[in-house]
Amino acid sequence: MGTSRALGYSSLFIAVAASAQVPWQVETAPQGVSAGPVAIARSGADGGAARIVAGSTLGTNLSVFALDGGLTQNVSTGIVHGVAAITGLPSPTAPRDLVVATGFVNAQLYVMGVGADGQLSNAVMGNLNTTVAPGVLALSLAPDGGLEAIFETGTGKLSRVTLSDDGQGRYVASNASDVNLPNAPTAMVADDQSRRLFAAIPQLGIVQVLLDDPTVPAAVIEPLDGGALGGLPSGLALYRLSQGHVLLVSVPLTNEIIAYDVGQSSLTAVARFSVSLDGGTGPGSGAVTGCQRLAVTTDAVDGFPRGLLALQDPNAPGGANYKLAGLAEAAAAVPALPLPPVTPPPDAGLPDGGVGRDGGQVSGSTGIPMGDPGGDVAPPRPCGCGLPSPLLPAAVVVISALLARRRRSRNEP
């Protein structure tokens with residue numbers, strides 16, 4: 001490992017708790033000149049092959065990596081500014097597993113199938129002309145089961161199209177409309193349940209757009225100044241709990257990932273962490289610095305039984321690549337980071353909650369309504385007592401002792 005260094009930053013922001021260190025377990029092969037947007041693609045809802053799919057803002061290929069880090073495929077796309085994946089999308093023939101990418105130079109949306117081995121193929125999918133150079137991308141499942149692609153088309157301008165199967169295995173675009181943002185986003189993610197689009201805007205922070213009423217102006221729900229960010233937001237990923245959602249935000253300037261509880265009109269920071277090889281810091285620690293893009297899945301995939309986080313590492317000593325950190329290890333290192341309950345075995349008689357969509361997308365459900373995955377996990381909440389989470393156990397002990405002493409003074413049992 002080479003030497004890595006954190007960038008200094010001074011700002012007033014809301015403290016969540018001291019930043020913890022999460023260990024990564026796998027790094028991919030170097031991507032070359034630039035590590036760009038990333039998604040986690042899977043074939044099939046249960047036990048299918050999973051791949052890390054990464055675009056490049058300078059290169060000419062979409063790179064596909066196995067979960068052991070090896071490069072398994074290069075797909076010629078040109079420069080890609082956005083990539084996202086969806087598993088189990090309903091279609092007239094059978095559920096489809098797709099990867100969608102934006103061809104920035106070619107002005108196209110690439111729609112590719114995910115094979116049983118996790119490899120990508122556009123042989124039966126097709127490329128859609130967008131007439132403008134598409135930028136960052138988000139996918140959203142419409143209430144009628146259709147797939148919407150939302151992508152940047154200019155400063156503060158988004159285009160929104162419906163992608164549908166024509167019955168012969170190819171996807172066509174229709175129902176084009178525009179969505180306005182205050183400025184160009186660095187990343188976007190959509191929540192199907194609440195029908196909201198979240199966008200990272202460097203000058204403002206994080207904004208939300210109501211997908212079912214785009215006439216309502218975008219609203220800032222986490223400001224750049226006075227919130228918990230501490231730096232410009234660059235990457236977004238969302239995963240679902242049995243109750244509520246968690247939004248992960250990458251902040252390159254502080255080399256941190258911030259986890260937020262997603263409310264109806266606000267975000268509440270519940271944890272912040274950095275990522276390194278051994279959970280340490282300093283030279284030789286393999287610390288991820290300058291991360292701008294990330295993807296997450298809470299589905300069990302090979303080697304990661306509770307899911308994984310894929311992080312862009314543009315400053316890796318051997319060349320820009322991606323680091324994979326297991327969510328089980330992340331939760332062990334950051335107890336305040338909530339995860340959905342472990343999905344019970346199929347014979348337990350409970351609905352499967354395991355299909356996911358990643359790469360700036362929701363992990364937890366696609367076209368099939370998500371049932372209770374076998375337990376309740378309350379959404380993370382601020383304690384409301386002014387104490388950081390690590391101090392809560394001590395506070396409880398002190399309060400219990402005071403109450404016991406009071407009862408003894410009153411001769412109460």
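In this text the structure is predicted, and so the values were computed from the model without any measurement.
When only modelled atom types and interatomic distance are considered, Glu148 and Thr162 share no side-chain donor-acceptor pair under 3.5 Å. A donor-acceptor contact closer than 3.5 angstrom links the side chains of Asn315 and Thr289. Looking at Tyr322 and Gln312, their side chains never bring a donor and an acceptor atom within 3.5 Å of each other.
Here Asn74 pairs with Ser63 under the side chain to side chain donor-acceptor pair (under 3.5 Å) rule; sequence neighbours left out. Among residues two or more places apart in sequence or in another chain, the side chain to side chain contact (heavy atoms under 4.5 Å, CB included) test is passed with Leu267 by Ile206, Ile221, Glu222, Leu247, Tyr260, Val262. Not counting sequence neighbours, the partners of Asn180 by the side chain to side chain contact (heavy atoms under 4.5 Å, CB included) test are Lys157. By the side chain to side chain donor-acceptor pair (under 3.5 Å) test, Asp165 is found to be paired with Arg96, residues two or more places apart in sequence or in another chain being considered. Taking the side chain to side chain contact (heavy atoms under 4.5 Å, CB included) definition, one finds that Gln119 meets it with Arg51, Val64, Thr72, Gln73, Asp117, sequence neighbours left out. Residues satisfying the side chain to side chain donor-acceptor pair (under 3.5 Å) criterion with Ser159, sequence neighbours excluded, are absent altogether. Applying the side chain to side chain donor-acceptor pair (under 3.5 Å) criterion to Glu152, with sequence neighbours excluded, gives no partner residue. Ser177 pairs by the side chain to side chain contact (heavy atoms under 4.5 Å, CB included) definition with Arg160, not counting sequence neighbours.
Between the CG atom in Leu248 and the CG atom in Leu238 there is a gap of 8.0 Å [rounded to 0.5 Å]. Within the model, atoms CG of Leu120 and OG1 of Thr77 stand 10.0 Å from one another, a figure rounded to the nearest 0.5 Å. Atom OH in Tyr110 sits 13.5 Å away from atom CG in Leu137 (nearest 0.5 Å).
Among Thr186, Leu181, Leu232, the single residue meeting the side-chain contact (heavy atoms from CB on, under 4.5 Å) criterion with Ile201 is Leu181.
At least one donor-acceptor pair closer than 3.5 Å links the side chain of Thr102 to the backbone N or O of Gly135. Listed for the Gln292 side chain is no donor-acceptor partner under 3.5 Å among the backbone atoms of Val251. Between the side chain of Arg272 and the main chain of Ala228, a donor-acceptor pair closer than 3.5 Å is present. Looking only at distances, no side-chain donor or acceptor of Asp313 sits under 3.5 Å from a matching main-chain atom of Val288. Arg196 places a side-chain N or O within donor-acceptor distance of the main-chain N or O of Gln264, the cut-off being under 3.5 Å.
The side-chain heavy atoms of Phe65 and Asn321, taken from C-beta on, include no pair separated by under 4.5 Å. Contact of the Tyr171 side chain with the Ser91 side chain is registered, since non-hydrogen atoms from C-beta on lie closer than 4.5 Å.
Pairs of residues two or more places apart, or lying in two chains, never qualify as salt bridge (Lys or Arg N to Asp or Glu O under 4.0 Å) while including a residue from residues 325-340. Identified under the ring-ring contact (aromatic ring centres under 6.0 Å, His included) test for residues 68-97, with sequence neighbours left out: His81-Phe104. Sorted by first and then second residue, the pairs that involve residues 204-215 and meet salt bridge (Lys or Arg N to Asp or Glu O under 4.0 Å), not counting sequence neighbours, are Arg195-Asp212.
For the pair Arg42 and Asp97, the salt-bridge criterion is not met [side-chain N within less than 4.0 Å of a carboxylate O].
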